[in-house]
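Here is the structure we will look at, set down as structure tokens.
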Amino acid sequence: MSDMLLEIGKNPQARKLLKTLGLPLPIPEALRREKGAIRARPLQDRKVIVAGKGELVGVVAETLAAAGADPYVDESIRAAFVAPGETFGRPPRAIEAEGRVDAIVFDGSAIASAKDLHALYESLHPLVSRLSRSGRVVVLGRPAAGLVPEAAAAQNALDGFVRSVAKEIGKGGSTANLLIVEKGGEKRVAAVLRFALSAKSAFVTGQPIHITARAKGGDEPALVRGLEKKVALVTGVARGIGAATAKALADEGAHVICLDRPADDTATTQLAREIGGTPLLVDLAEADAVAKIIDAVKARGGVDVIVHNAGITRDKTLARMKPEQWDSVLDVNLGAVARVTDALLPHLRDGGRIICLSSVAGLAGNMGQTAYAASKAGIVGFVRAWAERLAARGVTVNAIAPGFIETRLTAAIPFAIREVARRLAALGQGGLPEDVANAITFVATPGAQGLTGQTLRVCGGALVGA
Ligand code: NAD
């Protein structure tokens, strides 16, 4: 069922009327989204203010100009923007005292004390209310680990700051995220910054994203059509997040092996035909599933991207849960993920991607979801452990943890609970399958080589969850 409040909010007259009625609920803003493949200039003509003076200003300057943005900068950092501005026809401009801004980027990498943090306040305080609808705040920092205590505190402060800003600006459809750049990860910032500032990250907010040099290779990544000539396997494609993901990966050029249960033959075959992929009718709970998957992957000469999306819920409180309910949730959501990963490792090409679906319910815990949350928290440990083991092969392993997403899975939730769940997020609405698909697809692209072992929330700033 569609989101009534969101639909009403799209009509300016109705919006005005509801405001004058003084309803206690903020009317959510329709999010700016973008259909189709990742663009070469995803920030074309966007007005981006850059503040903060750190070690990452250079990479920010390059990235913005190449992505088509118009940078507005303080005199103290202007020099870094001149050369990229000339190359891409995007000269730096002075920050204006008023008017809308599309995004704010703050380089906090040099902040080392409580006093230094004042710069964060000073820069963002006058700007935050000028953010346009679906605006963006991105803060860059360094990992706190290994720093002297005062500097570690200051860097960790950025995390609390960003999560709070995310909650404050969510009602305007805007997001705030933190990029934590490890030494050596600087060259890998560009693609992540593009994603965080673009419409493709519409439902990602309040999220720290670590950028590391851990996984080998991936220098000079293709920023568009990044999955050309690559083979992807997606499980659970008949509907929801899986269907959207298969389409989004195909948009980037991948050949997608589309797996779902034999009972979902029609939807699976139709989707595969639509995107020029291969249907694969397999029940992951069956003993012969792994052998069938290996055959399908071998027929394509190997695989580059594995998306473990298929998942089930059997919600019951622990006291009421039947053993077969517990077992099937743990087996499909975690057991099958482990079995398929093991079996495919010899066929997964170097530089590949393993992406698993977790859930914010798994991170935060949820009433009636002991089995589901156990399986989804299990995924967090799974990706961390595999990331270590596969880094030398350039393979990255990450999880995506959706919050409330409008799919069949959530349509089954009783109306009142569903309505509350939608509103319990900074963005005040549920996400769409495409929002999750866009995050998965970004992680699958060569530009995301700096991300591994992480669990990325796509939850609209869910008020519950990590
Ligand atoms: P969905 O129920 O709409 O689709 C899941 C697909 O997986 C279905 O097509 C189903 O046939 C397939 N599947 C299930 N068991 C299978 C098996 N044994 N073998 C082969 N295929 C099987 O679900 P969705 O909402 O699109 O969720 C996709 C993933 O995202 C799941 O892992 C889910 O736990 C996770 N997730 C969803 C939400 C949400 O709000 N929708 C939130 C958090 C996490």
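Every heavy atom of this structure was used, including side-chain atoms; hydrogens, water molecules and symmetry mates were not. Since this is a predicted model, take the numbers as computed values, not measurements.
The pair Asp102-Lys47 fails the salt-bridge criterion, with no side-chain N (NZ, NE, NH1 or NH2) lying under 4.0 Å from an Asp/Glu carboxylate O. Under the 4.0 Å criterion applied to side-chain N and carboxylate O atoms, Asp3 and Arg423 are assigned as salt-bridge partners. Salt-bridge annotation for Glu34 and Arg41: absent, with no side-chain N of the basic residue lying under 4.0 Å from a carboxylate O of the acidic one.
Asn333 and Ser375 are linked by a side-chain donor-acceptor pair at a separation below 3.5 angstrom, with hydrogens and angles left out of the test. Of the N and O atoms on the side chains of Thr269 and Asp265, at least one donor lies less than 3.5 Å from an acceptor on the other residue.
Here the side chains of Arg261 and Thr268 are not in contact, with every heavy-atom distance at 4.5 Å or above. Looking at heavy atoms from C-beta onward, Tyr72 lies out of side-chain contact with Val101 at the 4.5 angstrom threshold. Between Ile111 and Phe106 there is a side-chain heavy-atom pair separated by less than 4.5 Å. No side-chain heavy atom of Ser359 sits under 4.5 Å from any side-chain heavy atom of Gln369. By the 4.5 Å heavy-atom criterion applied to side chains, Leu197 and Leu64 are counted as neighbours. Using a 4.5 Å heavy-atom cutoff, the side chains of Ile169 and Thr205 are not in contact. Side-chain contact check for Ile104 versus Val137: some heavy-atom pair is nearer than 4.5 Å. Residues Thr452 and Glu388 fail the side-chain proximity criterion, which asks for heavy atoms closer than 4.5 Å.
Sorted by first and then second residue, the salt bridge (charged side-chain N to carboxylate O under 4.0 Å, His left out) pairs involving residues 300-313 (not counting sequence neighbours) are Asp304-Arg349.
Counting heavy-atom neighbours within 6.0 Å of Arg33 CZ, excluding the residue itself, gives a total above 12. By the 6.0 Å contact criterion, CZ on Arg393 is enclosed, its count of non-hydrogen atoms from other residues, nucleotides or ligands being greater than 12.
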Could you walk me through whether Arg163 and Asp159 pass the salt bridge (charged side-chain N to carboxylate O under 4.0 Å, His left out) test, one step at a time?
CA-CA 6 Å; Arg163 288 173 192 256; Asp159 184 271; 2.8 Å; yes
Intermediate values then yes/no, side-chain contact (heavy atoms from CB on, under 4.5 Å), Ile209 and Leu456:
CA-CA 7 Å; Ile209 304 175; Leu456 193 72; 3.7 Å; yes
Go through it in stages, so that I can follow the logic: the residues are Arg239 and Thr407, the test is side-chain contact (heavy atoms from CB on, under 4.5 Å), and I'd like the CA-CA distance, side-chain angles, deciding distance and then a yes or no.
CA-CA 8 Å; Arg239 56 185 63 77; Thr407 69; over 6 Å; no
Could you check Val297 against Ile294 for side-chain contact (heavy atoms from CB on, under 4.5 Å), going step by step and ending with a plain yes or no?
CA-CA 5 Å; Val297 162; Ile294 291 179; 5.8 Å; no
Asp251 and Lys35: salt bridge (charged side-chain N to carboxylate O under 4.0 Å, His left out), yes or no, with the steps?
CA-CA 10 Å; Asp251 278 344; Lys35 287 202 187 311; over 6 Å; no
Candidate pair Phe195 and Val443, rule side-chain contact (heavy atoms from CB on, under 4.5 Å), full reasoning:
CA-CA 10 Å; Phe195 171 70; Val443 170; over 6 Å; no
Salt bridge (charged side-chain N to carboxylate O under 4.0 Å, His left out) between Asp283 and Lys292: does it pass, once the steps are laid out?
CA-CA 10 Å; Asp283 186 331; Lys292 287 182 178 162; over 6 Å; no
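Across all non-hydrogen atoms, the minimal contact from Val332 to Ala285 is CG2-CB, 4.5 Å. Summarising the geometry of Ile38 relative to Thr445, their closest heavy-atom pair is CD1-CG2, 4.1 Å, with the distance given to 0.1 Å. Closest approach of Leu281 to Pro262, counting heavy atoms only: CB-CA, 4.0 Å. In terms of heavy-atom proximity, Ala65 sits nearest to Pro84 at CB-O, 3.6 Å.
Not a single donor-acceptor pair under 3.5 Å links the side chain of Arg314 to the backbone N or O of Val329. The closest donor-acceptor contact from the side chain of Arg194 to the backbone of Thr63 lies at 3.5 Å or more, if one exists at all. A donor-acceptor pair is defined here as one N or O able to donate and one able to accept, closer than 3.5 Å; such a pair exists between the side chain of Asn398 and the backbone of Gly453. The backbone N or O of Gly173 lies less than 3.5 Å from no partner atom in the side chain of Arg133, so there is not a single donor-acceptor pair. No donor-acceptor distance shorter than 3.5 angstrom exists from the side chain of Arg408 to the backbone of Gly240, with no hydrogens or angles considered. Put simply, the side chain of Gln449 never gets that close to the backbone of Asp219: no donor and acceptor are under 3.5 Å apart. Of the possible polar contacts, none joining the Arg90 side chain to the Pro71 backbone as a donor-acceptor pair under 3.5 Å is found. Judged purely by atom type and a 3.5 angstrom limit, Thr235 uses its side chain to pair as donor or acceptor with the backbone of Asn309. Counting only distance, with no hydrogens or angles, the side chain of Arg457 and the backbone of Gly206 share a donor-acceptor pair below 3.5 Å. With Glu186 contributing its side chain and Gly184 its backbone, the two residues share a donor-acceptor pair below 3.5 Å.
Of the candidates Leu390, Val383, Thr396, Ile354 forms a side-chain contact (heavy atoms from CB on, under 4.5 Å) with just one, namely Leu390. Shown are Leu424, Val360, Thr410; of these, the side-chain contact (heavy atoms from CB on, under 4.5 Å) with Phe404 is made only by Thr410. For the side-chain hydrogen bond (donor to acceptor under 3.5 Å, both in side chains) with Arg142, the lone residue among Glu55, Gln155, Glu182 that qualifies is Glu55. Phe203 pairs in a side-chain contact (heavy atoms from CB on, under 4.5 Å) with only one of the listed residues (Leu31, Asn438, Leu432), which is Leu31.
A distance of 4.0 Å separates CD1 in Ile312 from OG in Ser328, rounded to the nearest 0.5 Å. Between the OG atom of Ser109 and the CG atom of Leu179 there is a distance of 11.5 Å, given to the nearest 0.5 Å. In this structure, the separation between CG on Leu233 and OG1 on Thr278 is 10.5 Å, given to the nearest 0.5 Å. In this structure, the separation between CG on Asp70 and CD1 on Ile49 is 11.5 Å, given to the nearest 0.5 Å. Here the CG-CD1 distance, from Asp435 to Ile400, works out to 12.0 Å after rounding to the nearest 0.5 Å. Here Leu178 contributes atom CG and Gln207 contributes atom CD; the two are 9.5 Å apart, rounded to the nearest 0.5 Å.
Applying the salt bridge (charged side-chain N to carboxylate O under 4.0 Å, His left out) rule to Arg273 yields no partners; only residues at least two apart in sequence or on another chain are considered.
The aromatic rings of His308 and Phe382 sit perpendicular, their planes meeting at an angle over 60°, well past the 30° parallel limit.
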